[in-house]
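Single-structure report; data block below.
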Amino acid sequence: MTENNCGWIAQTQASVAQPPLLGVQKADWLIIGGGFTGLSAAHSLAELHPQARIVMVDRQRAAQGASARNSGFVVAHENPSGDDLIGRVGNAYYQTSTEISRAASREVQSRVSRLKIDCDLREQGYFFAVHDPAKLEDAALRVQTLGETGADAQLLEGHALRQHLGTDFYQAGILCRGGNALLQPAKYAKGLRDTLPASVELFEFTDITRLERQANSNLRASSAQGSVEAPQVLVCVGPFLPRVGVRERAVFPLELSASLTRPLTDDEFDQMGRPDPWGVLSTRPGGATLRLTNDRRLLIRNTVELRRHDLDSGSLSVRRQTHLRGLQRRFPWVTDQHIQYTWTGHLSATRSGEPRFARLERGIHTVAGCNGSGVARGTLWGRLLAEMASGSQSPLLDKVLSQASPGWLPPSPFFDIGASVRMRYEACRAKSES
Ligand SMILES: Cc1cc2nc3c(=O)[nH]c(=O)nc-3n(C[C@H](O)[C@H](O)[C@H](O)COP(=O)(O)OP(=O)(O)OC[C@H]3O[C@@H](n4cnc5c(N)ncnc54)[C@H](O)[C@@H]3O)c2cc1C
């Protein structure tokens, strides 16, 4: 049996717990959900409305959901798909999308430096790397396409790549700098949380299950023990909008699981050639994400599934074995004893890969659908959502809204069947990379 124990959270000093919501609270703004998106929105709202009372609620500890549990890649440049390459049909869209992602990465860097957050941020980029060279099609054009959008991208193969990563597993990879970065996500989330301005009051262990309009036209959000009445509500709960009582069908949850090893010994690190910390993203959606952390641990994330509830401990043990096999393919000396932490988390996905970013009705604004790049995009979206709800406009907000078409989802069970088939197909295509 495997305990769901996030290694990033375990290595981050816990914040002081805040009490649950009791009775009736009145506020100018309510933010439901304390992940990157909600926390970033709270900081921005407090700047925009210094006199306002802002309440934030989270159903568990704030800053300990997906925002603490992810792999810590700050995405400024996505690996372009075949259609995105220079001269192809999707290139113009890819360029706009990258402008947004680069702004999102800068937003993270700016929050980290303004709020003095210690989160092991490394701005030296990361790799898109493959075991099977056929999975890095058009490598030279890919490097050129990344360069066109401002990335500093370099193709590495064989020995040169081995020297960076300390394994022969990867045959080819693009080292992509120029905004792409790595961080310790639980520390970043905690940093955003612990620096919330005094005008933001946080209630934890407060599961909102109803959002309704009152006779005076304000909104009331209710949990089992209390409620908040406010004219403006920002819903930042990732894939779980229906749990709050918001009817929404564009976003669905994907459950990912990851394992983190203990720090490598000097001998193990020597075998790898003592490389600098690194990160590798797969070029296939079903492939593995890996990191060598600043304190010499290996991280792997190589499962993804359509699930609305956490895996039980027996199922998590099975995923842990999948992590172990993935690690051993790259580092044959890794054993089960190396793995110190295994955990899961839910990200919000959409059919098109673009977010749901909208005013749902008067006073209710939401964003969800980060599709795996929510460290950067969640941070940016939080600010832009606060600005949109405050009536501000900007060219960047316009760009985000122009791409915010999440796509239609068929009703259950058609969607669940279709999505499962698609995910099995992607897992097969990515078999060599898992
Ligand atoms: C294993 C894993 C690896 C990932 N790797 C990366 C990566 O490397 N890079 C990257 O950019 N992204 C990655 N992601 C995605 C990233 O973690 C998310 O996009 C990001 O955390 C989304 O932030 P959020 O604030 O929108 O949502 P969350 O962090 O999920 O925050 C939502 C909050 O809302 C709260 N909530 C939910 N329902 C209610 C309710 N009814 N009442 C009150 N509160 C509620 C939750 O408790 C939670 O704290 C990964 C995700 C996972 C799970």
Side-chain angles (χ1 to χ4, degrees), residues 6-8 20-21 30-42 56-76 78 101 104-105 108 126 180-186 188-189 192-193 202-211 221-224 228 234-246 251 253-260 279-281 288-291 299-305 307 310 319 323 342-349 355-357 366-382 385:
C6 173
W8 300 127
L21 178 69
L30 168 65
I31 301 170
I32 308 176
F36 294 140
T37 310
L39 290 165
S40 176
M56 167 177 272
V57 291
D58 198 291
R59 67 194 289 264
Q60 47 176 11
R61 297 297 308 274
Q64 293 201 355
S67 293
R69 298 167 166 270
N70 61 73
S71 307
F73 287 70
V74 181
V75 179
E78 304 258 7
S101 297
S105 162
V108 173
Y126 51 75
N180 283 354
L182 297 165
L183 51 68
Q184 206 278 40
Y188 175 46
L192 289 176
R193 179 209 141 119
L202 172 62
F203 296 94
E204 299 186 296
F205 314 107
T206 299
D207 189 6
I208 299 298
T209 53
R210 212 166 61 237
L211 184 60
S222 307
S223 66
V228 185
L234 306 188
V235 186
C236 304
V237 296
F240 298 115
L241 286 160
R243 285 192 194 162
V244 177
V246 173
V251 183
L254 291 179
E255 185 167 24
L256 281 61
S257 68
S259 282
L260 187 67
V280 170
L281 290 180
T289 296
L290 274 104
R291 279 184 65 176
L299 169 97
I300 184 162
R301 199 278 316 141
N302 63 355
T303 76
V304 52
E305 49 208 299
R307 286 183 61 86
D310 283 352
R319 306 304 179 276
H323 302 158
T342 299
W343 67 94
T344 69
H346 286 94
L347 65 74
S348 57
R356 176 86 165 113
F357 191 115
T366 193
V367 60
C370 63
N371 291 285
S373 51
V375 176
R377 288 202 165 202
T379 306
L380 177 67
W381 288 342
L385 193 70

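Because the structure is predicted, anything quoted here is derived from the model rather than measured. Just follow the structure's listing: the first ligand is 1, and inside any ligand the first atom is 1.
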Legend entry - Proximity flag S373 to ligand 1, non-hydrogen atoms under 4.0 Å: yes
Inset, instruction - Determine whether any heavy atom of L39 lies closer than 4.0 Å to an atom of ligand 1. - result: no
Inset, instruction - Would you check whether A62 reaches within less than 4.0 Å of ligand 1, judged by its heavy atoms? - result: no
Inset, instruction - Would you mind running through ligand 1 and noting each atom that sits below 4.0 Å from a heavy atom of D207? - result: 40 (C), 41 (N), 42 (N)
Legend entry - side-chain contact (heavy atoms from CB on, under 4.5 Å) partner of H323, chosen from L260, L299, T342: T342
Inset, instruction - Please confirm whether G65 comes within less than 3.5 Å of ligand 1 when only nitrogen or oxygen atoms on both sides are compared. - result: no
Legend entry - Straight-line distance of F73 CZ to L281 CG, nearest 0.5 Å: 4.5 Å
Inset, instruction - Working to the nearest 0.5 Å, report the span between CZ of R301 and CZ of R69. - result: 15.0 Å
Inset, instruction - May I ask you to list the atoms of ligand 1 that are less than 4.0 angstrom from any heavy atom of V375? - result: 9 (N), 10 (C), 11 (O), 12 (N)
Legend entry - Residues which pass ring pair (Phe, Tyr, Trp, His ring centres under 6.0 Å) with F205, listed by chain and number, not counting sequence neighbours: none
Legend entry - Numbered atoms and elements of ligand 1 in range of I32, under 4.0 angstrom, heavy atoms: 42 (N), 43 (C)
Inset, instruction - Measure from atom 23 (O) of ligand 1 to every heavy atom in S67, G374, G35 and give the option owning the shortest one. - result: S67
Inset, instruction - Could I get the full list of ring pair (Phe, Tyr, Trp, His ring centres under 6.0 Å) partners for F203, not counting sequence neighbours? - result: none
Legend entry - From the candidates G238, A63, A66, the one that places a heavy atom nearest atom 30 (O) of ligand 1: A66
Inset, instruction - Would you please determine whether G378 falls within less than 4.0 Å of ligand 1 on a heavy-atom basis? - result: no
Inset, instruction - Kindly identify the option in L256, L21, V235 whose heavy atom sits closest to atom 52 (C) of ligand 1. - result: L256
Legend entry - Approximate separation, where rounding is to 0.5 Å, of M56 CE and L30 CG: 9.0 Å
Legend entry - Interfacing atoms of ligand 1 (cut-off 4.0 Å, heavy-atom, C370): 18 (C), 19 (O)
